[in-house]
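These notes concern the structure reproduced below.
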Protein chains: 4
Amino acid sequence: MSGINKVILVGHLGKDPEVRHLDGGVTVASFPLATSETYNKDGKRIEQTEWHNIVLWRGLAEVASKYLQKGKLVYIEGKLRTRSFEDREKVKKYVTEVVAENFTILGRKSDFEPPVSSEGTTPKSENEYTNLTDPAGDLPF
Amino acid sequence: MSGINKVILVGHLGKDPEVRHLDGGVTVASFPLATSETYNKDGKRIEQTEWHNIVLWRGLAEVASKYLQKGKLVYIEGKLRTRSFEDREKVKKYVTEVVAENFTILGRKSDFEPPVSSEGTTPKSENEYTNLTDPAGDLPF
Amino acid sequence: MSGINKVILVGHLGKDPEVRHLDGGVTVASFPLATSETYNKDGKRIEQTEWHNIVLWRGLAEVASKYLQKGKLVYIEGKLRTRSFEDREKVKKYVTEVVAENFTILGRKSDFEPPVSSEGTTPKSENEYTNLTDPAGDLPF
Amino acid sequence: MSGINKVILVGHLGKDPEVRHLDGGVTVASFPLATSETYNKDGKRIEQTEWHNIVLWRGLAEVASKYLQKGKLVYIEGKLRTRSFEDREKVKKYVTEVVAENFTILGRKSDFEPPVSSEGTTPKSENEYTNLTDPAGDLPF
DNA sequence: TTTT
DNA sequence: TTTT
């Protein structure tokens, strides 16, 4: 016993969430998240990007599939989990994922709406941010 | 002995940073930061805002005074410190502050530049974010 | 909108939790928590202690009242909340608290049992730690 | 750009740190860390352990090699990094590590001393905890 | 594979 | 491979 296993990320989705429905009816969503760090080396600005495998379960997966899309900036809180699997050649491999326990969209108001087909959105003012939290891991509205 | 004292905030500056230079030449900056939470009560969307007193020292204060302004969205990492002071009526009072150890601007590219007097900025595209990190607590460029 | 408000503490309880039952039957517990930091100044080891007001609600308050006592080492995750109140002289005052959302006892096995009146506890081996988590904010067993 | 990549762990070392000195004189240390979670399933207490690869650089590696040993309870703060390497069969593999930026021993006073060969240690009192922090990533004393 |  |  004795443990804290916590991950806090702010980054952009590299792809739309991929949603699967397991046999028991459980929903799982996953997507890659990029967190980038900028630092200075010999006067040049270097950007280093780290990619994370994000996994969400149940209600949180449902919310993610509805409100998160490729490119969005998101705060994610979760825990690390390394699991093994067999690839196509039956070789045992390991992958480390971040199992999300909570997420919040960081961005402008338009980022909080599910994408629509309609054109002609209202112009946005400079400082128009908003967010969406799902502390309970379930639908927030 | 034995202690972790860590605060993680993402919110908007309520005012421009207020910068002071202490006798020994040390720079201190401070500003209020709002973190808002939205939840559902009886079908209505309630927004609850919490205000935090942010304090930054030395190099981090210099960076803050240059790159942070009222309204900007920022990630702040720091620690809690409660200090006492005497108000004008000589009454002892307590205030809890977040002493920043690190911050990152979260927002669009324009948010990374110090404010300029020139008018006529270039139009921004929808999904234009960027950030600025100062892990070492000193000027990052 | 847009906010993350997160506090992570590891420290010792300064007192036993104080438990109150509100009118609606809701349980609230609170206790002071010390987080200490040791640093070096001119070759001398300086210890600086920060005190935090911890507040717990409902099921988490019940668990805390049962398993936490003065002196125990605990990991606490929560959020900052500043509230105002009137003191006995009707002066408006402010206090900043950490509203716990989760806690974990860090310590040896004996620290996980509610205190008993019986004497003569079993001797402990050198490296005997264990912990107790309450992720859901409710009774964990 | 735009990124926060933060990991917070509390767990026990599965092995003593393994220290290497790279060509340029840089020190790297690494060890496995176990974080365990206990939960209830059908009235049975289930313990699930997650293993993390911890990597420390430079001064932090030196401190770790001196003060951390197998079995000790430690708080670690760092960031995720996934790197690829070729195994003996020239197969490309990936491993995700936690690059530590800070650590603190959590435990009793005896846990803060480097291990000694002498026998006959002084008995410890019940509530004797202490800690050791290395915020700057360098030797703290 | 994101973002700037 | 830790810890209880």
Side-chain angles (χ1 to χ4, degrees), chain A residues 1-5 9-18 30-38 45-54 68-74 76 82 105-108 111, chain B residues 104-113 122 124-133 141, chain C residues 104-113 122 124-133 141, chain D residues 1-5 9-18 30-38 45-54 68-74 76 82 105-108 111:
Chain A
M1 307 154 206
S2 249
I4 301 300
N5 174 358
L9 304 173
V10 176
H12 291 93
L13 278 82
K15 292 183 186 170
D16 284 354
E18 195 179 303
S30 62
F31 56 80
L33 187 87
T35 59
S36 306
E37 197 181 347
T38 309
R45 205 171 176 176
I46 309 286
E47 183 183 322
Q48 196 173 331
T49 297
E50 191 66 40
W51 286 97
H52 311 272
N53 305 305
I54 311 296
L68 298 183
Q69 291 86 31
K70 177 176 170 174
K72 283 202 176 165
L73 182 64
V74 69
I76 291 178
T82 299
I105 299 176
L106 301 172
R108 284 175 297 157
D111 291 341
Chain B
T104 298
I105 299 176
L106 300 172
R108 286 176 295 158
K109 207 175 184 178
S110 57
D111 292 341
F112 293 80
E113 292 142 21
T122 318
K124 310 294 180 302
S125 70
E126 259 296 297
N127 254 319
E128 197 181 358
Y129 299 108
T130 188
N131 86 334
L132 183 106
T133 316
F141 1 69
Chain C
T104 299
I105 299 176
L106 301 172
R108 285 176 294 157
K109 207 176 185 178
S110 57
D111 293 341
F112 292 79
E113 293 142 19
T122 318
K124 310 294 179 302
S125 69
E126 258 298 296
N127 254 319
E128 197 181 358
Y129 298 108
T130 188
N131 86 334
L132 185 103
T133 316
F141 0 70
Chain D
M1 306 155 210
S2 249
I4 301 301
N5 174 355
L9 303 173
V10 175
H12 291 94
L13 278 83
K15 292 184 187 170
D16 285 353
E18 194 178 304
S30 61
F31 55 82
L33 186 87
T35 58
S36 308
E37 197 181 346
T38 308
R45 205 170 176 176
I46 308 286
E47 184 181 320
Q48 195 173 332
T49 297
E50 191 64 40
W51 285 96
H52 311 271
N53 305 304
I54 311 297
L68 297 184
Q69 291 85 32
K70 177 177 171 172
K72 283 202 176 166
L73 182 65
V74 69
I76 290 179
T82 299
I105 299 176
L106 300 172
R108 285 174 296 157
D111 291 340

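Proteins get letters first, then strands, A, B, ... in listed order; numbering begins at 1 in each.
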Rounded to whole Å, CD of D:Gln48 lies from P of F:dT1 at a distance of 19 Å
Could you state the atom-to-atom distance from NZ of A:Lys70 to C1' of E:dT2 in whole Å? 8 Å
Does any N or O donor sit under 3.5 Å from an N or O acceptor when you compare the side chain of A:Thr49 with the base of E:dT2? yes
Distance check needed: E:dT1 C1' versus A:His52 NE2, whole Å only. 13 Å
Any heavy-atom pair between the side chains of D:Leu13 and D:Gln69 that's under 4.5 Å? no
Provide, to the nearest angstrom, the distance between the CD1 atom belonging to A:Ile4 and the P atom belonging to F:dT2. 21 Å
D:Lys15 side chain, from C-beta outward: closest of F:dT1, F:dT2, E:dT1: F:dT1
Where the side chain of D:Ala34 is concerned, which of E:dT2, E:dT1, F:dT2 is the nearest nucleotide? F:dT2
Below 4.5 Å, heavy atoms only, C-beta onward: do A:Val10 and B:Thr104 meet side chain to side chain? no
note: D:Leu13, atom CG; F:dT1, atom C1'; distance rounded to Å ~ 10 Å
Atom-pair distance (CD on A:Glu18; C1' on E:dT2), nearest Å: 16 Å
Going from NZ on D:Lys72 to CG on D:Leu106, what distance comes out if it is rounded to the nearest 0.5 angstrom? 11.5 Å
Are the side chains of A:Asn5 and D:Glu37 in contact, using a 4.5 Å heavy-atom criterion? no
